[in-house]
S.K.: 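Quick one: the structure is below, questions incoming.
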Amino acid sequence: MMKDRGLKSALLSYFVHNGWYPQLEVDVKTNDGASKIDKFITDIDVLALVPSVNGVLVPLLGDCKTLRNQSPSNRVLWMRGLMEYWSAERGIIILDKSIEPDHKQFADKLGVTLLSSDDFSRYSKSMRVGIDDKQYSVSDIEIWESYFESLLKYPQISSVVKFVKFGFWNEDSAAKRLRALLYEVRTIKNELNPSNYIHLALLCDLVSLFAVSINGIVMQMFNRYTFSDNKDAFVAELKMVIWGGHDNYRFLNEIRAKYSTNESELSLPEWDRFIYLIRNCLESPRSTMYSPLLIKELAFVVLGRRTIDIQEIGNSQLYVGTTDPYAIKSSALYVEYFCKACKLPPEFLDCIVSSLLRIGR
Amino acid sequence: MNIDKGLVVATRCHDIQASLGRKEVPEFEVLPKIGMLIRLSIHLRGLPPVKYEIAKQVAYYYLDIPSTQFKELVVTLAEIEFIRIDKEGDTIISILPSVPYFDDIYTQVGEYSKTVSMNEMEKLAIYILEKLSNSPNDRSNLFSIGAEAKGIKRSLQIGEEGGYIIQGRARGKDIIYSPLFFIENADLYLDATAKSGSNSIKKVLELLRQNQGWPLALVMQTSEICGTKLSADEVLLLKRLAQDGAIKPPAITTSHHGENYFLFTPTPGYSKLHPGKKNIYEKATALVAAVRQGQLLPREYAIRNPYALLRSLKETKFLRATTEANEQYRALLPLRIGYLRETTSGYHQFRLHDTPENQEALEIAIQLVAEGTATGTEVNEEARIALQKDQSYIEALIASRKIRESEKIALSEDMQMQIDDLLLIGGR
């Protein structure tokens, strides 16, 4: 059983009921590290991605501790350091003990909400958006526990599991996350079996991460507002965004030309489909904030029901997305692109898209 | 495990030996010899007398036949009356090919193979490759064929190192396949094997072999190929093959049936289709597609006998003008197989560009329609030309061949994907 399980469950539920994308227990490492194996510096108990004013999903760090011997303000200082490292504007700490007001004021000045578990139960009720008593699968900590445990049974896909749990979160740009994600999944594409519900759920989870990356890429293009209606110019800009600038693109393209006999330029797999996907998202860029949670919930519905038959999910299961038809359309496009780019068995695509379309009815 | 059929033995020996090239397998004794006998015979058929020394060099450089074994092969070919030897004392001066034209070389050498006994490892290698010639197989299934597990493991290892067996993964299962039979779109066949088992693929491919060029649209409409019912999974497999670009000939678009794709068995691998003949093979499949369009999806007047029509084209170099020819054969024009001539208003005649390459494509198309497979496509024409030239030509050719070998080699689809994947995580 997870450490500090009760507090984590409460924080998870709070995040999800506000429509924020959650991730439990994210290990933190530095990508510039000297160690050849993954060395973790610390971890985040519950991470949320929260819509910002400019439409980008930004991290909100959550920490839950039953610390007896550590001063709350010390924990606040730790959180502030981590927020700096992750470029997060807010952090939230829940401690299983009473906290003096001075510590709370100190925390607030540093952008951290410091609460006791009693405070949090009142705080979270008041802070929820609307009155919503639905039980979401993704806020069910039992499902998270069984998910993490089940994934251990598949050593052939352990690289992707690590990527889901921390690799993705430790990449420092949306474009890098997207490319690394495609790489990881294409590497194990032949291991995923559409008749295995754990694999189906994992795939939905991976697509939700893809959706998070797309949000970053689309909002970067939209907020700069430099994209063109001319296809060639649009594609040129998209390549620069995806490959981290012209110099990096040219360098990698030259390497490719040296070893490849394929005369086409460096691009992502299923490039035309990807161009269409991004152009489509730019029609309603804010919808890209909602798709990740929608697809993540789908993953957890599959896990909760322990079946690949997810045709009858219905509207009531999902909080966001149901009111935004663009989010559903974008989600379907993400799944389609992702499955084709990673060359996954077609049943994955059919299964996920048909259940997404049912939600939109 | 029963492999007493001479034809199967000869065919698979040739496949294995063509793939092994100059690699030696300590367990194999007779198998390489039978493979080399076929390889040499195929290239000698129809040639005038060849000087022994030239034949030896060409065999070494082009056919991967070691010089130390060449004499033994020549003597055996003389014993089975595929060649006559011209000798002076003990020295062989030249050989006169008399490889029969109308008998299949594989069958003939297969008969010879019955007179020599093979060891267990050789039999196992042939048995496994024969299984893999029909479809990829779940690795675990191979261990239930009644041979010792140790032997099977070693046989698979030889196959992998020899380049005629590849082990892949699909849907979390170990699937093995042979690139000699599934060189393109291997991923798709692997996935289908993991999903539905090898028997399903074997059935679909056997049906396609009997009905090369069957239109996908008809399969989708009727869920059958030429009267044989297909399951939903089998139809889906064919649809995926078409969608993922496994169908090589150009789609044919007509005003009456829209765009149509035509289904063929997988393009043969190296041992059956020499790389230099790939374009010719694609022309042949395009010809078959055009004829199937007229046979199965006509506007009004259907082609009744595709075989007779192709034979007639081969002999007369043109097809009778019809009102349907324009749309039916238009896709063949960019491939430079032939051209269309309007005779009277609305009537077009298809005329063949009479080149050796197109003649060969037409012959392959006829074989595909009649028998489902093509023969003679494994011949390396360069080797045959070299066999008919003198020593200086051979030396120049060998030198130029070495230069070409050092040029950039075209990457396989899989290798290209691996490079592109690595570049995904490159840089910032």
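So you know, we letter chains A, B, ... as the sequences are listed, proteins then strands, and number each from 1. This one's a predicted model, so the numbers in the text were calculated from it and none came from an experiment.
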S.K.: Considering only NZ, NE, NH1 and NH2 on the basic side and carboxylate oxygens on the acidic side, decide whether B:Asp187 and A:Lys189 come within less than 4.0 Å.
M.R.: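 Looking at A:Lys189 together with B:Asp187, the answer is yes, because their closest N to O distance falls below 4.0 Å.
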S.K.: For B:Glu357 and B:Arg336, what are the C-alpha separation, side-chain angles and deciding distance, and is it a salt bridge (Lys or Arg N to Asp or Glu O under 4.0 Å)?
M.R.: CA-CA 10 Å; B:Glu357 202 180 69; B:Arg336 301 198 45 77; over 6 Å; no
S.K.: Quick one: is the NZ or CZ of A:Lys165 closer than 6.0 Å to the six-membered ring centre of A:Phe148, and within 45° of its axis?
M.R.: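 Ring-cation test returns yes.
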S.K.: Indicate whether any N or O donor in one side chain lies under 3.5 Å from an N or O acceptor in the other, for B:Asp138 and B:Ser140.
M.R.: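 Distance-only check passes for B:Asp138 and B:Ser140.
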S.K.: Is the distance between the ring centroids of A:Phe348 and A:Phe338 under 6.0 Å?
M.R.: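 Between A:Phe348 and A:Phe338, the centre distance exceeds or equals 6.0 Å.
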S.K.: Side chain, backbone, both or neither: which part of A:Ile255 has an atom under 4.5 Å from a heavy atom of chain B?
M.R.: side chain
S.K.: Kindly determine whether B:Arg209 and B:Glu206 satisfy salt bridge (Lys or Arg N to Asp or Glu O under 4.0 Å), including the steps that lead there.
M.R.: CA-CA 5 Å; B:Arg209 199 183 64 74; B:Glu206 181 53 30; 3.1 Å; yes
S.K.: Measure from NZ or CZ of A:Arg273 to the centre of the six-membered ring of A:Tyr337, then state whether that distance is under 6.0 Å and the direction lies within 45° of the axis.
M.R.: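 Output no; distance or angle outside limits.
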S.K.: Please flag which part of A:Ile157 lies under 4.5 Å from any non-hydrogen atom of chain B: side chain, backbone, both or neither.
M.R.: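 Neither part, no heavy atoms under 4.5 Å.
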S.K.: Heavy-atom distance under 4.5 Å to chain B: side chain of A:Glu347, backbone, both or neither?
M.R.: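 Side chain only.
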S.K.: What are the residues of residues 191-213 of chain A, in order of number, with any heavy atom under 4.5 angstrom from a heavy atom of chain B?
M.R.: A:Glu191, A:Leu192, A:Asn193, A:Pro194
